[in-house]
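For reference, the structure discussed in these notes is given below.
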There are 2 protein chains.
Amino acid sequence: MELYPAMDEINNALKKNHIIVIFSNCNVEYSGRAQSFIAKGDRMIIMKHDGTILVHKPDGRTPVNWMPNKSIIEIKVENDSLEITCTNSKTSEVMIIRAFNIYSITSAPLVDNEQLRLLGTEKDMSDMLYSTPSLISEDFTPVSREEQTKYGFLDVFGHNSKGELVIVECKRYTAGLDSVTQLRRYVERVKKSKGITKVQGIIAAPNISQNALKMLTDWGFSYKNISPPYRFSKEEEKQAKINEF
Amino acid sequence: MELYPAMDEINNALKKNHIIVIFSNCNVEYSGRAQSFIAKGDRMIIMKHDGTILVHKPDGRTPVNWMPNKSIIEIKVENDSLEITCTNSKTSEVMIIRAFNIYSITSAPLVDNEQLRLLGTEKDMSDMLYSTPSLISEDFTPVSREEQTKYGFLDVFGHNSKGELVIVECKRYTAGLDSVTQLRRYVERVKKSKGITKVQGIIAAPNISQNALKMLTDWGFSYKNISPPYRFSKEEEKQAKINEF
DNA sequence: GCCTAGGTCCCGTAC
DNA sequence: GTACGGGGCCTAGGC
């Protein structure tokens with residue numbers, strides 16, 4: 001495709017707030033939070049109505065380059081290439097695409113007012129533990145969940161029958177060293193704030209790494225094997241695999 | 001576009017290992033590590049040669065649904081919709097797209113052998129501190145960088161003239177509470193492994209949050225204001241903004 | 001605006 | 001494979 005008609009077509013689609021997909025041979029330069037460059041190759045460029053720009057390689061889940069929404073696009077023909085300059089004033093970033101060949105331009109006025117509904121997050125897990133505390137222990141009474149207390153953001157927070165405070169940190173996947181240090185930080189903050197020495201710390205997760213478990217017990221905390229709702233347990237996953245594939 | 005011709009066109013493009021972009025009105029169901037559903041709306045579906053599938057809303061940087069590479073795509077016509085089932089045996093995930101209207105299908109055989117070169121990462125920063133340790137202190141001699149020592153993965157590791165060990169944790173952005181707990185974990189591990197009590201802990205970052213700084217000093221660690229190479233300092237960023245926009 | 005923490009995080013790397 | 005940590009992370013929620 002010739003460069004000038006391509007420029008006109010893209011500008012028209014931008015004016016109409018369409019989503020635009022361009023297949024092209026291009027290089028990409030980026031400068032802002034870091035700096036990057038990728039030499040000429042065939043890529044897919046996506047321009048969205050909100051000013052998001054994505055550059056995808058033929059493989060891979062993650063865009064090789066991108067610009068956040070509210071970026072401004074300017075196009076000009078420069079010698080042998082279409083130069084697409086994307087600037088974002090909020091993040092002080094610039095991305096320049098130089099397209100030497102434009103294979104195709106597709107655009108459409110997409111309308112989508114729906115939102116994703118998602119189940120099985122960490123919040124769902126803390127909700128479950130809050131409403132069914134016996135999953136943690138018969139001797140656990142939750143008081144708050146997923147709340148920014150003055151001790152920090154605690155997943156589930158409560159006490160046992162002796163009146164000792166209990167902090168539960170949920171993880172929807174394997175708990176690692178970072179999970180333990182996070183719990184430890186919360187426990188220490190509560191201890192210091194309240195001027196007490198006894199606070200129970202519990203990690204609730206479907207799994208925990210060996211190192212994390214060692215650190216956890218070294219610090220006097222405990223682990224409770226619990227899976228988030230709507231997430232298959234390891235055993236169920238294996239069974240599902242056998243059945244499905 | 002009619003459903004059967006659409007199915008044929010997609011299957012042909014899949015066979016040829018093309019990248020495929022479909023504009024359509026569809027709903028999407030996902031099940032695996034979590035579960036999700038989004039009702040009918042106009043979206044862009046991308047199928048890549050490596051088995052990656054992305055579903056994008058008209059707005060936003062992140063795909064609303066996706067499947068990792070090596071996913072398998074099966075298509076059939078089901079009443080009033082094209083049903084695209086994507087399964088991944090490795091992650092035990094399934095995504096089903098039901099497309100009720102197909103607005104367009106575009107495909108192309110993209111070739112891209114280039115790789116992104118990126119500057120200004122945390123590794124670049126630790127390399128800089130290793131080769132120019134005076135940025136940390138005149139009294140600092142680095143020994144290793146970015147290495148998996150037996151004490152864990154340390155960004156920069158060395159000693160001062162008194163022979164005391166020094167651990168530097170780099171962050172390319174604002175250091176937060178997690179950065180401090182991470183440093184603390186490393187320091188404690190080294191102390192324990194070596195059976196010593198004096199280890200210097202330093203966070204090197206262009207910025208640090210108030211809470212993090214407090215926790216840092218409470219623990220006897222220190223902060224050094226250092227920006228990663230190729231990254232503008234806050235002041236330079238502000239100046240650049242004024243000049244550019 | 002900053003700070004905090006999760007994410008179907010993704011991704012590379014070392015073990 | 002698991003585990004650990006970075007990322008131009010992105011995104012949502014508080015303050």
Side-chain angles (χ1 to χ4, degrees), chain A residues 28 30-36 52 60-69 88 90-95 116 118-126 146-150 152-155 169-179 182 185-186 207-212 228 230-232, chain B residues 28 30-36 52 55 60-69 88 90-95 116 118-126 146-150 152-155 169-179 182 185-186 207-213 228 230-232:
Chain A
V28 188
Y30 159 79
S31 177
R33 287 173 286 180
Q35 291 198 351
S36 77
T52 303
R61 207 215 79 123
T62 306
V64 66
N65 279 108
W66 70 92
M67 288 286 281
N69 65 4
N88 191 293
K90 189 177 177 183
T91 59
S92 294
E93 293 177 296
V94 183
M95 178 175 72
L116 187 75
L118 183 66
L119 299 170
T121 63
E122 195 175 298
K123 173 149 196 328
D124 295 322
M125 196 173 165
S126 67
E146 286 276 329
E147 270 172 32
Q148 186 71 41
T149 71
K150 57 178 171 179
F153 187 87
L154 306 176
D155 285 347
E169 174 61 30
C170 301
K171 289 295 159 196
R172 66 182 303 287
Y173 46 87
T174 301
L177 294 172
D178 56 336
S179 308
Q182 194 181 351
R185 173 151 55 87
Y186 295 150
N207 226 319
I208 188 164
S209 73
Q210 284 304 309
N211 289 339
Y230 308 110
R231 186 187 185 282
F232 298 125
Chain B
V28 187
Y30 158 79
S31 178
R33 287 172 286 179
Q35 291 198 348
S36 77
T52 304
V55 180
R61 206 214 78 123
T62 307
V64 66
N65 280 106
W66 70 92
M67 289 287 280
N69 65 3
N88 191 295
K90 188 177 177 185
T91 59
S92 294
E93 294 177 296
V94 183
M95 179 175 72
L116 187 74
L118 183 65
L119 298 171
T121 63
E122 194 175 297
K123 174 145 194 331
D124 295 322
M125 195 173 165
S126 67
E146 285 275 330
E147 270 172 31
Q148 185 71 39
T149 72
K150 59 179 171 179
F153 186 88
L154 305 177
D155 286 346
E169 173 62 30
C170 300
K171 290 295 160 194
R172 64 181 307 284
Y173 46 86
T174 301
L177 294 171
D178 55 337
S179 308
Q182 197 181 346
R185 173 151 54 86
Y186 294 150
N207 225 320
I208 188 164
S209 73
Q210 283 305 308
N211 289 339
L213 184 60
Y230 309 108
R231 186 188 185 283
F232 298 125

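Letters go in sequence order (proteins before strands), and every chain restarts at 1.
At least one side-chain nitrogen or oxygen of A:T62 sits closer than 4.0 Å to the OP1 or OP2 atom of C:dC11.
Atom CG of A:D178 sits about 10.5 Å away from atom CZ of A:R185, to the nearest 0.5 Å. Separating the CG atom in B:N211 from the CG atom in B:L177 is a distance of 5.5 Å, to the nearest 0.5 Å.
Residue-to-nucleotide proximity on DNA chain D shows that, of A:W66 and B:R61, the 5′-proximal contact is made by A:W66.
Across all strands, A:L116 comes closer than 4.0 Å to base atoms (heavy-atom distances). If you check every strand for non-hydrogen atoms under 4.0 Å, B:P68 touches nothing.
D:dG1 is paired with C:dC15 under the Watson-Crick or G-U wobble criterion, all donor-acceptor distances under 3.5 Å.
Summarising the geometry, the separation between CD on A:E93 and C1' on D:dC9 is reported as 12 Å, rounded to the nearest angstrom. The separation between A:K90 atom NZ and D:dC10 atom C1' is 12 Å, rounded to whole Å. Per the geometry, CG belonging to B:L119 stands 13 Å off P belonging to D:dG7, to the nearest Å.
Between C:dC10, D:dG8, C:dT8, one nucleotide has an atom nearer to the side chain of B:N65 than all others, and that is C:dT8.
Residues B:G32 and B:E93 share a closest heavy-atom pair of CA-CG, 3.8 Å. Between A:R33 and A:W66, the closest heavy-atom pair is NH2-NE1, 4.3 Å. Minimum interatomic distance between B:R172 and A:A34 (heavy atoms only, all atoms of both residues): NH2-CB, 3.7 Å.
Atom name C1', nucleotides C:dA14 and D:dG8: the rounded distance is 25 Å, in whole Å. Comparing the P positions of D:dC4 and C:dT8 gives a spacing of 22 Å, expressed to the nearest Å.
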If you look only at distance, which donor and acceptor atoms sit under 3.5 Å apart when one is on a side chain in residues 119-126 of chain A and the other is two or more places apart or in another chain?
{"residue": "A:T121", "atom": "OG1", "partner": "A:K123", "partner atom": "N", "Å": "3.4"}
{"residue": "A:T121", "atom": "OG1", "partner": "A:D124", "partner atom": "N", "Å": "3.4"}
{"residue": "A:T121", "atom": "OG1", "partner": "A:D124", "partner atom": "OD2", "Å": "3.2"}
{"residue": "A:K123", "atom": "NZ", "partner": "A:D127", "partner atom": "OD2", "Å": "3.2"}
{"residue": "A:D124", "atom": "OD2", "partner": "A:G120", "partner atom": "N", "Å": "2.7"}
{"residue": "A:D124", "atom": "OD2", "partner": "A:T121", "partner atom": "N", "Å": "3.0"}
{"residue": "A:S126", "atom": "OG", "partner": "A:K123", "partner atom": "O", "Å": "3.0"}
{"residue": "A:S126", "atom": "OG", "partner": "A:E146", "partner atom": "OE2", "Å": "3.4"}

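For A:S36, the side chain to side chain contact (heavy atoms under 4.5 Å, CB included) criterion is met by A:Y30, A:N65, B:L116, B:L118, not counting sequence neighbours.
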Would you list the protein and nucleotides 3-6 of chain C atom pairs, both N or O, that sit under 3.5 Å from each other?
{"residue": "C:dT4", "atom": "OP1", "partner": "B:N211", "partner atom": "ND2", "Å": "2.4"}
{"residue": "C:dT4", "atom": "OP2", "partner": "B:S209", "partner atom": "OG", "Å": "2.9"}
{"residue": "C:dA5", "atom": "OP1", "partner": "A:R185", "partner atom": "NH1", "Å": "3.4"}
{"residue": "C:dA5", "atom": "OP1", "partner": "A:Y186", "partner atom": "OH", "Å": "2.7"}
{"residue": "C:dA5", "atom": "OP2", "partner": "A:R185", "partner atom": "NH1", "Å": "3.3"}
{"residue": "C:dA5", "atom": "OP2", "partner": "A:R185", "partner atom": "NH2", "Å": "3.3"}
{"residue": "C:dG6", "atom": "OP1", "partner": "A:E122", "partner atom": "OE2", "Å": "3.3"}
{"residue": "C:dG6", "atom": "OP1", "partner": "A:E169", "partner atom": "OE2", "Å": "3.1"}
{"residue": "C:dG6", "atom": "OP1", "partner": "A:K171", "partner atom": "NZ", "Å": "3.1"}
{"residue": "C:dG6", "atom": "OP1", "partner": "A:Q182", "partner atom": "NE2", "Å": "3.0"}

